[in-house]
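Just follow the structure's listing: the first ligand is 1, and inside any ligand the first atom is 1. The figures that follow rest on heavy atoms only: side chains count, while hydrogens, waters and symmetry mates do not. The chain is numbered in sequence order, starting from 1.
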Amino acid sequence: MNSSRAYHDDPITALATPWGESAVAVIRTSGAGSVELIAACFSRSSALRKAASHAMVHGMLIDPDDGREIDEVLCAVFLDGRGYTGEESVEIHAHGSLPGIQLILELLRKAGFRDAQPGEFTQRAFLNGRMDLTQAEAVAEIVSSKSRAAHTMALHRLGGGIRERINAAKEELKILLGAVEIQLDYPEDEVPATELIDPVRISALGEDLHRLTESFTVGRLYNEGARIALSGRTNAGKSSLFNLFVREDRSIVSEVHGTTRDFVHEKVTIQGIPVTLYDTAGLREAASGDAVEEEGIRRSGLVTGEADLVLYLVDGSQGIAREELNGLDREQTLLVWSKADISAAAPPEGFLAVSSSSGEGFPELEKAIRDRLLGRAPGDDAAVIDSVRQRDLLIRAQQALGEVETGLAADMPLDALAVDLRDALDSLGEITGEVTTTEVLNDMFSRFCVGK
Ligand code: GDP
């Protein structure tokens, strides 16, 4: 299957928990002979050697050179073919002291383990067929997820959510390609290309892959978060709204104009999306002559320029000043009618009425922010990708399917269509890390029993 890839099962080790003081530290080992290597420096070596897979053995790590006790530990044993990597492996649960961890790693190196490369345990799990590439990537994404939603999505990928979607598309392409290959072998029975390859199905497949590609926006958003800037004139209520988001007094709320001299920012979560919220200095058109405030205004301009979304506040009790809304980038802006509790008039078209004092309109504002950030992206339950590699391969597969469609319309010869079909299939196979040309062929011929 993956035999073409170089694979070594030499014993490796690494600290699996963060470097630092903790109650427990876990040191992972994996590779042929792991149990025996550790048994050689363990107080209860025969118990370790006899341990069943997934058993925990309590004992003392001992330096065999001088009999010195290194640490009292629990060893979790995973026998060959079991556990995370699919190799023989021992996880050492030790006390989480930095000098202690260093001593254990030194002991393990002396025993015959080498330091693992980044991701090597997961790489071995993939090479041993314990998971496909999308799942291997999900492992990294779970560990680094920045929000609960991102974590849930990565967990879905680990469960094989993406693999299933990709495999369904792959199966369909394999059947098509099989039919085309057979036709190419028997050119005497001429069948029109559109009879073998349904253009409607090709287009539907392309759309399905497109939806998956679009989910990348969602994946990124939930992981990397969005930047949102609060903007509007001085006293429009920006700091009060900022505080409502942050629910703590980080920003200065004051009735004196121009007190928010620089922008402050804070990390908040809006409907599950991690957001960095910026409160900008008041955009007073009249220069105050105050150099510090002017610098604040200049910098806030930079922040609003780079924000994913700008909440532009107009003081509802004052109304819109002349030409105030000119020059706003409407694509980037959500209009807020602030101080709705003391507002003189109903909010004009396109504004969301919000009161930071009473909280009125705040849930609606949060929902509007979420909708704007997610745009046309698919809903939460859909499989979501969060890998540039997967996105690029999905785009390549779609382009190849587009070529098939164009080729069909232009009456291109079957062998040219076969090249594009294979291209699409290979891109999908690369996503999951399974397909090789030989596999494609074997699969095809097992399906279409030629038999003559
Ligand atoms: P900024 O200059 O845009 O940051 O505005 P602030 O948040 O400092 O608010 C200016 C003034 O308006 C302060 O006196 C706030 O108490 C008041 N204010 C802000 N939001 C509201 C609101 O929703 N309702 C009422 N009644 N007053 C508000």
*Check ligand 1 against Ile342 and write out every atom of the ligand that is under 4.0 Å from a heavy-atom position of the residue.*
26 (N)

*In terms of atom number and element, which parts of ligand 1 are under 4.0 angstrom from non-hydrogen atoms of Asp341?*
22 (C), 23 (O), 24 (N), 25 (C), 26 (N)

*Return yes when atom NZ of Lys110 has more than 12 non-hydrogen atoms of other residues, nucleotides or ligands closer than 6.0 Å, and no otherwise.*
yes

*Strictly under 4.0 Å, does any heavy atom of Gly232 approach an atom of ligand 1?*
no

*asked:* I want to know if ligand 1 touches Ala236 in the polar sense, i.e. an N/O pair below 3.5 angstrom.
replied: yes

_For Arg109, is there an ion pair with Asp115 - N to carboxylate O distance below 4.0 angstrom?_
yes

*Hey, does the side chain of Arg124 reach the backbone of Tyr84 with a donor-acceptor pair shorter than 3.5 angstrom?*
no

_Backbone N/O of Leu394 and side chain of Gln398: donor-acceptor pair under 3.5 Å_ = yes

*Mind checking whether Lys339 has an N or O less than 3.5 Å away from an N or O of ligand 1?*
yes

*asked:* Assess whether a salt bridge exists between Asp392 and Arg396, defined as any Lys/Arg side-chain N lying under 4.0 Å from an Asp/Glu carboxylate O.
replied: no

*asked:* When you compare ligand 1 with Asp279, is there at least one nitrogen or oxygen pair between them that comes in under 3.5 angstrom?
replied: no

*asked:* Quick check on contacts: which atoms of ligand 1 are under 4.0 angstrom from a heavy atom of Arg233?
replied: 3 (O)

*Lys339/Asp315 ion pair, N-O < 4.0 Å*: yes

*For Gly237, is at least one N or O under 3.5 Å away from an N or O on ligand 1?*
yes

